[in-house]
Amino acid sequence: MTRTQESSTHWGTFQVEISDDGREVVETRPYSDDPDAAPAIAAVAEGLRHPSRVTRPAIRRRWLERGPGPDPLRGTPDDQYVEVGWDEALDLLARELDRVRTVHGNRGIFGGSYGWGSAGRFHHAQSQLHRFLTSIGGYTRSINDYSRGASLVLLPHLIGPRGMRELRNRPPSWRHIAEHTDLMIAFGGLRRSNTWVVPGGHDRHVGTRLAGEAAASTHIVSVSSQRDDTLAEWDAEWVGIRPGTDTAVLLALTHTLVTEGLADEAFLATHTVGADRVRAYLRGEPDGVAKTPEWAEAVSGVPATTIRDLARRAAAGRTLVNVTYSLQRAEHGEQAIFAAVTFAAFLGQIGLPGGGFTHGYGSMGDYGVGVVPVPLPTFPQGRNPVTDFIPCARISDLLLHGGESIPYDGGTLGLPVIRLVYWAGGNPFHHHQDLRRLTRAVAAVDTLVVNEFHWTPTARHADIVLPAATGLERDDLAAGAGDTRLRTMPRAVAPAGEAREEFWIYDQLARRLDADFAEGRDSREWLETIYEEWRERPDTPDAPPFEEFWRNGGTPLPQHHYRDDAFTDYRADPVAHPLDTPSGRIELFSTTLDAFGLADTAGHAVWIDTAEPPGSPYDLQLLCTQPSRRLHSQLDMAAPSRSTKVADREPVRLHPSDAAARGLTDGDVALVHSAQGSLLAGVVTTDALLSGVAQMHTGAWYDPSAPEIADCVNVLTKDVGTSQLTQASSGARVAVSIARYDGELPPVRAYEGPRLAAR
């Protein structure tokens, strides 16, 4: 006999089958009535007892014997770790934290959590770590995110912070699109697998079904380098485009509206500023280059006739212009967002039902599904007294160039000298770009600490590794934006080995440092506290007391009813409901941006060519996209992710003509090389890609055991900011060469864990 209960991850709610003795998770599986469950759910059970689990505190031998300090051998594949008891590990870490804050100040501690470790509202890795570091005096923090880093900086200049919130929280629902939208132009496509993921997870996955219903009445045009960026059954029109040239096409679409008298001049006059400056740029007055469809065709490969036809169709009906997050994750990627806002403004449909500009369909599972119109329970982080911060994509800059500065959002950010990095809930040796540079960066600090479930590449670079309990090994509660229930996540089994809740770890450390992290409560009492505080809020719906909530497995959440689209009040009366921009309007030309005087940013959207120079050996554009069988790098070692491998390597997709030109066929192993590094990949051919384009998923675990041919795609990508304005991630594409590999294949050691020795 077995018993079954419920739990959640960021890729959804699922059933957990537990052995009759309560010791083992037999299976994790989706609910049968989940219409589009994520395949990664099946990996959770395997990950729980995988040989790569961290089961005891471990200290890197060189750090243990030599003490803290920079170490160029940090992360060496054959590094040895010494397993110790909890008291020794916590004493060592507490002394090191105290040394750093006493000698160097708390700004010398970088709190590096990037989240995604657990869907729980209480055991949220970022909240837990930040609360602890705040309790001991503070830390240098990161801001923004890898997903929308450039947009988060740019868009407030164009539509204001309130406009940003409307864009995120009040986009048209898929049902609204089905009712009102004639044409949806999706720059970057509408990738199905991305809709499986929501921070906090969803009770059931409904986004794909709702999008399919909308596709029955709304014509979708996917502007992408990949035809399969939309489901075949949606019957979307594919406009193939060279990677990184969406800005050029958007400018040419706007040029067509202007030259053919299709622009909404009344809307531009009453709701925007700077349209005259945009027109001058489109005519080519500043640079001598008119942004015509013929010009865009030469840049993008999209025929001029297609661009003109698309602009005319957009002006003839209700049109929604959507840009995925991926387009701004590239050098000067924010310009595609700027150009899309500009095109939508010239169409004049911003604020109309089913029309205007959106940013997120095809990127997140909650976009177009709805939002929960009440705050959700959270674990309070406290107030960080340290004011230093960096954009999250600039980790290596921070660690390598402490004491220097970088430009950011029109100002200058000073980089503190970091002595200790404490990371939890994420894997920067997947998320970050140019991993060899990141290796040099972490070698420069005195101490790297991680709380981890598995011996991930980040754990393999750490000096102190503390085993953390997973979401199935602790009590929690979960909900995501647009969810139907606040759900319980009861513990299924005891933690593996000596793993402990992170709450316990931080409480024990805080006690050693004379700090108050727990405020006299254990984790169960805190779980009840944040729930009851949420229940007592005046805007919270009727909800039962905690014990009843826990017995019931959750409580319903009110559903958001779209009263209309974002910017409806502003469109109706821009004087009574101005945007919080300097002009109160949509700024198609921003005097603020212009005054920054940055070489790579202007007051309006501009085309900046990032193509490889003639004669470059890197003749293919590699798209680095989100995986379909794992979330980022989570559970890459489990069966769903392994099922996608080719010759035990992460696959690289190529157009048949590109493969044939290189003597490659399906199943071959290829050497993929960029200016930053190289890797081995298994070849898959498909005509769903444009010729000249290759594609790989992110998230394969970085394996430096064969230094010249590691597996993770981020050994290839550039670690440069999108621009001096936004300083965001530019890792969505990179120029590469691909050749057949006939050498002896080195073994994949990514999932083995380090050499361990007892104390």
Side-chain angles (χ1 to χ4, degrees), residues 50-52 54 58-63 70-81 112 395-396 399-400 421 423 426-445 447-450 452 454-465 622 624 627 630 632-637 641-642 645 647-650 652 669-682 696-719 731 734 736 741 743-756:
H50 193 271
S52 64
V54 182
I59 315 295
R60 195 168 67 93
R61 182 178 288 281
R62 286 176 57 85
W63 189 93
D71 188 348
L73 297 181
R74 188 173 279 128
T76 300
D78 292 324
D79 245 351
Q80 189 178 63
Y81 283 77
I395 299 168
S396 293
L399 303 184
L400 289 169
V421 175
W423 205 280
N427 179 16
F429 275 88
H430 134 73
H431 238 122
H432 203 64
Q433 283 65 61
D434 193 347
L435 297 185
R436 293 188 175 94
R437 184 172 188 250
L438 182 61
T439 299
R440 296 193 299 273
V442 299
V445 302
T447 303
L448 172 60
V449 186
V450 298
E452 253 301 356
H454 300 97
W455 281 103
T456 64
T458 300
R460 294 288 298 270
H461 284 76
D463 300 300
I464 300 176
V465 183
L622 177 68
C624 308
R630 57 182 178 257
H632 300 309
S633 67
Q634 288 186 52
L635 303 176
D636 180 45
M637 71 298 193
S641 181
R642 294 199 318 271
K645 309 287 185 178
D648 292 328
R649 309 283 166 172
E650 195 67 19
V652 59
V669 175
L671 178 65
V672 186
H673 198 278
S674 77
Q676 288 66 240
S678 58
L679 57 77
L680 294 178
M696 291 187 70
H697 286 142
T698 61
W701 280 13
Y702 174 50
D703 178 6
S705 62
E708 300 305 315
I709 44 178
D711 290 341
C712 180
V713 72
N714 274 334
V715 302
L716 306 174
T717 51
K718 295 181 182 179
D719 187 19
V734 64
V736 299
Y741 183 81
E744 183 179 352
L745 287 177
V748 177
R749 296 178 55 190
Y751 316 125
E752 292 179 357
R755 293 189 299 148
L756 296 174

Evaluate Y702 against D711 for side-chain contact (heavy atoms from CB on, under 4.5 Å), listing each step before the verdict. CA-CA 6 Å; Y702 174 50; D711 290 341; over 6 Å; no
Is there a donor-acceptor pair closer than 3.5 Å between any side-chain N or O of R642 and the backbone N or O of M637? yes
Exactly one candidate in R437, Q676, Q433 meets side-chain hydrogen bond (donor to acceptor under 3.5 Å, both in side chains) with D719; the answer is R437
Rounding to 0.5 Å, atoms OH (Y741) and NE2 (H673) come to a distance of 12.5 Å
Between H432 and S396, is there a side-chain heavy-atom distance shorter than 4.5 Å? yes
Shortest non-hydrogen separation from P457 to N427 and the atoms involved: CD-ND2, 3.7 Å
What is the minimum heavy-atom distance between A444 and P70, and which atoms define it? O-CG, 3.5 Å
What's the shortest heavy-atom distance between V445 and L448, and which atoms? CG2-N, 4.4 Å
Ring-plane angle category for H50 and H454, please: parallel below 30°, perpendicular beyond 60°, tilted otherwise. perpendicular
Might you point out which heavy atoms bring M696 and A681 nearest each other, and give the distance in Å? CE-CB, 3.9 Å
D703 and R749 ion-paired at < 4.0 Å: no
Test side-chain hydrogen bond (donor to acceptor under 3.5 Å, both in side chains), reference D79, set R460, R61, R60, R755, output is R60
Can you tell me how far NZ of K718 sits from OG of S674, rounded to the nearest 0.5 angstrom? 9.0 Å
Test R62 against D71 for salt bridge (Lys or Arg N to Asp or Glu O under 4.0 Å), laying out the working first. CA-CA 9 Å; R62 286 176 57 85; D71 188 348; 2.9 Å; yes
Between Y81 and W455, is the ring centroid distance below 6.0 Å? yes
Value for NE2 (H430) from CH2 (W701), rounded to nearest 0.5 Å, stands at 12.0 Å
So, T76 and D78: side-chain donor and acceptor under 3.5 Å apart, yes or no? no
Here the gap from T717 atom OG1 to L435 atom CG, rounded to the nearest 0.5 Å, amounts to 6.5 Å
D463/R74 salt bridge by N-O under 4.0 Å criterion: yes
Of all the heavy-atom pairs spanning P704 and G75, show the shortest one and how long it is. CG-O, 4.2 Å
Minimum heavy-atom distance between C624 and G731, given as atom pair plus value: CB-O, 3.4 Å
Nearest 0.5 angstrom please: L680 CG to D648 CG, how far? 11.5 Å
Under a 4.0 Å threshold between the charged nitrogen and the carboxylate oxygen, would E650 count as salt-bridged to R630? yes
Output for pair (W423 CH2, T456 OG1), nearest 0.5 Å, gives 11.0 Å
Does any part of the side chain of V421, heavy atoms only, come nearer than 4.5 Å to the side chain of L399, both counted from C-beta? yes
Carefully, step by step, assess L622 and L716 under the rule side-chain contact (heavy atoms from CB on, under 4.5 Å). CA-CA 9 Å; L622 177 68; L716 306 174; 3.6 Å; yes
F429 vs C712, test: side-chain contact (heavy atoms from CB on, under 4.5 Å). Steps then yes/no. CA-CA 9 Å; F429 275 88; C712 180; over 6 Å; no
After noting the C-alpha distance and the side-chain angles of D434 and N714, does the key distance pass the side-chain contact (heavy atoms from CB on, under 4.5 Å) rule? CA-CA 6 Å; D434 193 347; N714 274 334; over 6 Å; no
Measure the shortest side-chain to side-chain distance between S633 and T698 over non-hydrogen atoms and say whether it is less than 4.5 angstrom. no
